Amino acid sequence: MASADSVKPVILTALELTVAYGHQIVLDKASLSIHEEDRVGLVGRNGAGKSTFLKILSGVLDPDSGEVAKRKDSRVGFLSQEFTLDESRNVYENIVSGAAYISKLLQQYEDHNLDSMQRHFIEDEIVRHDGWNLERKINLLMKELHTPESNREIATLSGGEKRRVALCRSLISEPDLLILDEPTNHLDTDSIEWIENYLAGYKGTCIFVTHDRYFLDRIATSIVELANGNFYSHRGNYTDYLINKSAREAVSEVDEKKRQSFLKRELEWIRRGPRARRTKAKSRIDDYYEVAAAPSLEKEVDVDLIIPIPERLGNKVLDLKDAGMKIGGKPLFEMFNYCFERGKKIGIVGKNGVGKTTLLKLLLGDLEATSGVIERGEKTEFNYVDQARLLLNDSDTVLQAIGEGSEVVRFGRQTIPVWTYLRRFLFSDDRINTKVGKLSGGEKSRLTLASILKNGGNFLLLDEPTNDLDLPTLRILEEALSGFEGCAAIVSHDRYFLNRVCDTILALEGNNEVYISEGNYDYYVEKRTAGLNAAKALSAGISRSSRKDSARQKQTGKKLSWTETKELEGMELAIETAEAEVKRIESLFAAPEFYSEYSDKITELHTLLEAAKSLTAKLYHRWEELENKKGALNSNPENE
């Protein structure tokens with residue numbers, strides 16, 4: 001437990017905040033204090049009021065009652081889900097506008113005389129905020145978050161590009177209190193990991209909402225849950241929160257059982273109608289009504305997300321044979337071979353723009369491959385959950401969006417009333433008649449899932465299905481997908497989700513190839529890291545060896561021996577043969593019949609694969625040595 005003197009000063013206090021939308025109470029006299037250097041992860045169900053609370057903290061929204069007290073002169077930066085950019089400015093101008101405070105200091109410094117005392121105070125403030133390096137920090141942020149070019153006009157950007165620009169604008173201001181609402185949406189894994197590192201070393205205070213559980217685990221120093229209009233604070237990260245919440249709910253359940261037992265006993269006593277209504281008896285009756293009037297324990301209700309039982313897939317699900325794809329003449333991948341099979345859950349990962357969504361559309365048949373063959377099984381039925389969420393009409397009610405004029409929906413092989421189906425996705429009776437345009441982002445995401453999943457299909461194609469889903473719904477979706485009997489291909493940047501659901505990773509790494517890794521996301525990262533480290537070591541070894549060989553050749557001036565000449569002549573064929581062996585073994589792992597035919601040889605095949613890769617690396621190393629020696633001799637006039 002932290003000692004009293006280790007507790008940082010309070011930077012912000014929210015006092016008895018109340019917010020209600022009609023009959024829905026979002027904040028019910030809720031209070032919360034945030035300390036300097038805290039990194040607070042705010043969690044809760046969609047619609048609980050997380051975004052509303054962040055807007056109140058930032059000053060964008062006023063509560064119905066209550067107040068927010070901030071430390072004097074503290075600066076606040078805010079990235080909302082509904083951010084806006086100035087379309088009259090380009091990308092760079094929008095980003096630098098986030099550093100208006102620092103830019104103003106720099107201008108004031110230039111405007112004051114050299115011997116001005118005020119100039120020294122301004123210089124100290126610039127140094128405190130690292131203002132002299134503003135340009136370098138802007139360039140670094142733009143590079144790491146993969147923003148569009150500096151001179152791009154805002155109107156030409158996609159939604160994801162705009163969000164990255166807005167995130168840059170929020171981070172460059174380096175405020176005392178940084179407020180982020182879903183900062184990881186539309187970012188690739190590398191960018192998310194960079195932000196994690198950035199916030200881990202952030203000197204200010206940060207409060208953020210995210211559904212990325214790895215992000216919460218690594219960054220949060222405390223978790224605040226917003227539920228039933230109140231805050232519940234837990235020290236530690238997301239894992240600590242889950243443990244503490246479980247204990248808190250267990251205590252609450254015990255208290256509720258005691259309360260119900262008390263009410264039952266007292267009700268029986270009251271019904272017996274004691275003859276003497278003395279003061280003691282009246283007091284007992286008053287106690288009963290006081291306890292009875294107290295709110296009962298409200299248990300959280302989860303989405304009843306059940307994916308319809310799919311029609312059984314055939315022996316052939318979908319095969320890619322030497323498939324290649326180009327967009328605008330730029331190759332995304334080529335010579336891609338893979339056989340999808342029943343029961344497999346394949347995660348598709350890679351940086352933004354490498355072709356993940358394009359690959360899904362290729363599998364679906366919406367796009368034609370520029371080379372190779374794609375064979376789809378006769379019994380394969382696709383169901384595509386689109387990243388753009390374009391299937392909803394804002395003018396429809398929730399009921400109309402799902403029912404489409406009918407009172408029932410066909411859920412796989414069953415028929416279910418529309419109202420019953422929507423309640424499975426946590427839509428209450430009043431929300432069922434709400435216009436789609438009035439729904440929160442999370443509600444729209446749930447409605448999209450409800451709309452698409454009812455269509456069935458035995459091959460699910462999911463493009464960023466975790467965006468805007470709250471954490472409880474994410475867990476239910478993970479369980480539903482894990483038990484799905486068909487095949488699923490999932491594009492996601494949610495590392496926790498990929499680990500929970502996927503048994504294979506297809507990685508588009510921007511080198512015109514699709515890297516196949518059997519296992520979950522963590523195993524893929526482990527293999528990828530080991531490969532990169534090996535490549536660096538090999539490159540460093542080749543460089544050192546080349547320098548030594550060059551120096552030795554200059555000293556000796558000897559030509560290639562007859563054996564070395566013959567070895568160099570056959571090196572290209574040897575490398576091709578070694579690489580072919582690597583591809584042959586990797587194709588065995590990707591084959592549909594792999595587990596049925598090679599289940600007892602997995603270890604042996606892994607050993608053979610590593611040996612083949614090692615041989616390929618050694619051959620390249622030797623080829624470099626011989627070529628460098630030959631080149632050095634040809635360039636040495638003494639050998640002519």
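Computed from a predicted structure; not experimentally measured. Counting begins at 1 with the first residue of the sequence.
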Asks: Can you tell me how far the CG atom of Asp319 sits from the CD1 atom of Ile374, to the nearest 0.5 Å?
Replies: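 The distance works out to 10.5 Å.
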Asks: To check you understand the geometry: which heavy-atom pair defines the closest contact between Asp503 and Gly343, and what is its length?
Replies: OD2-O, 4.0 Å
Asks: Relative to each other, are the rings of Phe336 and Tyr338 parallel, tilted or perpendicular (30° and 60° limits)?
Replies: parallel
Asks: Please determine, by modelled atom types, if Asn197 and Arg218 share a side-chain donor-acceptor pair under 3.5 angstrom.
Replies: yes
Asks: Under 3.5 Å, is there a donor-acceptor pair between the side chain of Glu193 and the main chain of Asp190?
Replies: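 Here the side-chain-to-backbone pair does not exist.
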Asks: Quick check: does any side chain N or O of Asn499 sit under 3.5 Å from a backbone N or O of Tyr521, one acting as donor and the other as acceptor?
Replies: yes
Asks: Does Ala166 offer a backbone N or O that forms a donor-acceptor pair with the side chain of Ser170 under 3.5 Å?
Replies: yes
Asks: Between Thr156 (side chain only) and Glu153 (backbone N and O only), is there a donor and an acceptor less than 3.5 Å apart?
Replies: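 Pair found, side chain donor or acceptor close to backbone of Glu153.
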Asks: With no hydrogens and no angle check, is any side-chain donor or acceptor of Thr370 less than 3.5 Å from a backbone partner on Gly324?
Replies: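 Between the backbone of Gly324 and the side chain of Thr370 there is a qualifying donor-acceptor contact (under 3.5 Å).
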Asks: With distance as the sole test, does Lys356 use its side chain to make a donor-acceptor pair with the main-chain N or O of Lys351 at under 3.5 Å?
Replies: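 Indeed, once roles are kept as given, a pair shorter than 3.5 Å links the two residues.
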Asks: Less than 3.5 Å apart, which donor and acceptor atoms pair up between the side chains of residues 482-493 and the rest of the protein, not counting sequence neighbours?
Replies:
| residue | atom | partner | partner atom | Å |
| --- | --- | --- | --- | --- |
| Ser482 | OG | Glu478 | O | 2.8 |
| Ser492 | OG | Asp494 | N | 3.0 |
| His493 | ND1 | Glu464 | OE1 | 3.1 |
| His493 | ND1 | Glu464 | OE2 | 3.4 |

Asks: Which heavy-atom pair separates Leu360 from Leu462 by the least distance, and what is that distance?
Replies: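 So the two residues come closest at CD1-O, 3.9 Å.
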Asks: CG/Leu180 to CG/Leu167 distance, rounded to the nearest 0.5 angstrom?
Replies: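 Leu180 CG to Leu167 CG: 7.0 Å, rounded to 0.5 Å.
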Asks: How many angstroms lie between atom NZ of Lys344 and atom CZ of Phe459, to the nearest 0.5 angstrom?
Replies: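 Answer for the NZ-CZ pair, Lys344 versus Phe459, is 12.0 Å.
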Asks: Before you tell me yes or no, could you show the steps for Arg376 and Phe382 under side chain to side chain contact (heavy atoms under 4.5 Å, CB included), namely the whole-Å CA-CA distance, both residues' side-chain angles and the distance that decides it to 0.1 Å?
Replies: CA-CA 10 Å; Arg376 300 173 182 86; Phe382 294 102; 3.8 Å; yes
Asks: Locate the shortest heavy-atom distance separating Leu474 from His211; write the atom from each residue and the value.
Replies: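 Closest heavy-atom pair between Leu474 and His211: CD1-O, 3.6 Å.
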Asks: Please identify each residue that fulfils side chain to side chain donor-acceptor pair (under 3.5 Å) with Asn237, with sequence neighbours left out.
Replies: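 Asn237: side chain to side chain donor-acceptor pair (under 3.5 Å) contacts with Asp217.
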Asks: Looking at side-chain heavy atoms only, is the closest gap between His146 and Ser191 below 4.5 Å?
Replies: yes
Asks: Of the non-hydrogen atoms in Ile172 and Arg169, which two are nearest, and what is the gap between them?
Replies: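 Minimum heavy-atom separation between Ile172 and Arg169: CG2-O, 3.3 Å.
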Asks: For Glu375 and Leu318, run side chain to side chain contact (heavy atoms under 4.5 Å, CB included): C-alpha distance rounded to whole Å, both residues' side-chain angles, the deciding distance at 0.1 Å, then the answer.
Replies: CA-CA 6 Å; Glu375 298 176 354; Leu318 186 146; over 6 Å; no
Asks: Name all residues meeting the side chain to side chain contact (heavy atoms under 4.5 Å, CB included) criterion together with Arg89; count only those two or more places apart in sequence or in a different chain, and write none if there are none.
Replies: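 For Arg89 the side chain to side chain contact (heavy atoms under 4.5 Å, CB included) partners, ignoring immediate neighbours, are Asp86, Glu93, Asn94, Ser97.
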Asks: Please report the interatomic distance CD1(Ile327) to NZ(Lys330), rounded to the nearest 0.5 Å.
Replies: 10.0 Å
Asks: For the pair Lys435 (side chain) and Ser395 (backbone), establish whether a donor and an acceptor sit closer than 3.5 Å, ignoring hydrogens and angles.
Replies: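 Yes; judged by distance alone, with no hydrogens or angles, the pair exists.
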Asks: At their closest point, which heavy atom of Tyr238 faces which heavy atom of Leu216, and how far apart are they?
Replies: CB-CB, 3.7 Å
Asks: Would you say the side chain of Leu363 lies within less than 4.5 Å of the side chain of Leu320, judging by non-hydrogen atoms?
Replies: yes
Asks: Distance from Arg342 atom CZ to Thr380 atom OG1, nearest 0.5 Å?
Replies: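 If I round to the nearest 0.5 Å, the distance is 10.5 Å.
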Asks: Which heavy atom in Glu311 sits nearest to a heavy atom in Glu381, and how many Å separate them?
Replies: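 Heavy atoms only, the tightest pair is CG-OE2, 4.5 Å.
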Asks: Taking the side chain as everything from C-beta on, heavy atoms only, tell me whether Phe427 gets closer than 4.5 Å to Leu447.
Replies: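 Answer yes - side chains close enough.
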Asks: For the atom pair CZ (Phe497) and OG1 (Thr466), what is the distance rounded to the nearest 0.5 Å?
Replies: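 Nearest 0.5 Å value for the CZ-OG1 distance: 6.5 Å.
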Asks: If we count only N and O atoms by modelled type, under 3.5 Å, do the side chains of Asn433 and Thr397 hold a donor and an acceptor together?
Replies: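 Side-chain D/A pair, Asn433 to Thr397: absent.
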